[in-house]
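To start, the structure under review is shown below, and the notes come after it.
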Protein chains: 2
Amino acid sequence: MDAAMRGDARKETPRSRLLAAALALYSRHGVNGTSLQMIADRLGVTKAAVYHQFRSKDAILLALLEPLVSDMREVVERAECERTRTAQVESVLTGVIDLAVRHREVSALMQADPAVPALHASQSDSAALSERIGQLLLGPDPEPGRLISVAMLGSALMMTGKNPKLAAVEDEELRRQMLVAARRLLGLRSRG
Amino acid sequence: MDAAMRGDARKETPRSRLLAAALALYSRHGVNGTSLQMIADRLGVTKAAVYHQFRSKDAILLALLEPLVSDMREVVERAECERTRTAQVESVLTGVIDLAVRHREVSALMQADPAVPALHASQSDSAALSERIGQLLLGPDPEPGRLISVAMLGSALMMTGKNPKLAAVEDEELRRQMLVAARRLLGLRSRG
DNA sequence: GTCTATAGTAGGATAGAC
DNA sequence: GTCTATCCTACTATAGAC
């Protein structure tokens with residue numbers, strides 16, 4: 001299996017190639033800045049061929065987000081089962097970092113692209129999951145300092161993977177360093 | 001002077017009202033997701049009236065970014081004059097946080113909207129300023145851990161002000177708490 | 001400074017042949 | 001699964017009246 005397709009596709013299907021092309025363009029130009037014509041051109045086909053794979057432009061975005069949303073749901077549900085605050089924070093922190101590193105580009109897309117909330121308004125709702133993640137990190141009745149640290153952490157975790165300077169950093173290394181930095185940001189002790 | 005217009009406009013001109021409307025829509029829907037019709041509708045006028053104030057859609061975005069870019073340039077140039085690494089980091093950190101708080105929505109727009117790099121490719125170039133800010137924070141020959149902390153900090157600083165949960169937080173409080181959190185993230189001692 | 005009207009283009013999406 | 005051809009809508013932008 002090629003290294004570039006880890007995690008998104010087991011086989012090189014027309015569908016998976018289309019999704020990869022769309023993700024690259026969405027990351028660079030934004031969803032609203034990318035036309036179906038641009039996607040088709042990148043694949044060397046016509047728009048009609050794109051419509052054979054997906055019934056609409058929204059369907060492409062949904063398909064791109066689906067694996068991330070699914071992983072987010074799993075992370076949130078697992079963390080919410082923990083019984084101490086410390087364990088909840090620990091669980092959600094490692095879970096979100098893992099997911100942000102595995103889905104680097106899609107995470108940034110979900111965090112920053114205005115087309116995502118517009119789409120999920122009537123859909124499976126990534127916003128609610130982000131909200132639950134925030135609550136887990138905040139805990140009950142947070143001080144302003146905590147509120148602000150957690151807000152900063154949210155942007156940092158989801159957006160960092162897209163940074164071109166980190167493109168060459170291995171997943172494992174990136175995960176480890178992000179976890180250390182996130183603990184510092186929240187004022188947690190590094191685990192011995 | 002009304003509290004809502006601090007920093008962007010001394011008088012309530014048609015131009016300043018237009019910029020405020022555009023910024024609100026750009027923040028919510030993205031630049032590419034906002035049409036001139038939407039801006040005109042929000043002001044209760046027609047598109048032609050918008051074109052009387054700005055010759056193109058790009059010109060509106062440029063006018064919105066200009067005060068932030070100008071402040072960024074000032075911050076970078078001041079920091080680059082400092083002679084010790086510690087003083088450079090201190091200067092750029094306080095400067096960027098101050099600017100990110102004063103221009104909360106525009107900062108997030110510049111950081112996250114794909115229309116901004118597309119525009120500045122041929123313009124005054126905010127990308128080069130961001131690059132210089134990154135260099136000041138990184139220093140020469142950074143370890144991977146530092147590279148990743150600084151990448152996280154960059155997203156965090158520019159995006160945090162847009163967080164709706166922090167809308168009620170006063171500028172002064174937000175600035176102070178962001179500075180404390182940023183120091184923790186970078187592993188700096190709080191100033192005594 | 002705002003309007004009506006319109007040009008010219010590009011967008012998402014569909015129909016039907018191969 | 002990909003094509004050509006087309007529909008309809010929305011977009012940016014301009015011209016010219018008030």
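Computed over heavy atoms, backbone and side chain alike; hydrogens, waters and symmetry mates excluded. So that the names make sense, note that chain A is the first sequence line, chain B the second, and so on, each numbered from 1.
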Rounded to whole angstroms, how far apart are [atom1] on [X] and [atom2] on [N]?
| X | N | atom1 | atom2 | answer |
| --- | --- | --- | --- | --- |
| A:L36 | D:dC3 | CG | P | 14 Å |
| A:H52 | C:dC18 | NE2 | C1' | 14 Å |
| B:I39 | D:dT12 | CD1 | P | 8 Å |
| B:N32 | C:dG11 | CG | P | 11 Å |
| B:D41 | D:dC11 | CG | C1' | 13 Å |
| B:K47 | C:dT6 | NZ | P | 13 Å |
| B:Y51 | C:dA5 | OH | P | 19 Å |
| A:L18 | D:dG1 | CG | P | 12 Å |

Counting heavy atoms from C-beta on, name the nucleotide in [options] closest to the side chain of [X].
| X | options | value |
| --- | --- | --- |
| A:A49 | D:dA13, D:dC3, C:dT4 | D:dC3 |
| B:S56 | C:dG12, D:dA13, D:dT2 | D:dA13 |
| A:A48 | C:dG11, D:dG1, C:dA15 | C:dA15 |

If you look at every heavy atom in B:S190 and B:R183, which pair is closest and at what distance? CA-CD, 3.8 Å
Quick check on D:dA10: is either OP1 or OP2 less than 4.0 Å from any side-chain nitrogen or oxygen of B:S35? no
Is a donor on one side and an acceptor on the other found under 3.5 Å between the side chain of A:S27 and the backbone of A:A24? no
Any side-chain heavy-atom pair from A:M152 and B:M159 closer than 4.5 angstrom? no
Would you say that B:P144 contacts A:V169 through its side chain, given a criterion of any heavy-atom pair below 4.5 Å between the two side chains? no
Which part of the nucleic acid does A:T46 contact within heavy-atom distance under 4.0 Å: base, sugar-phosphate only, or nothing? base
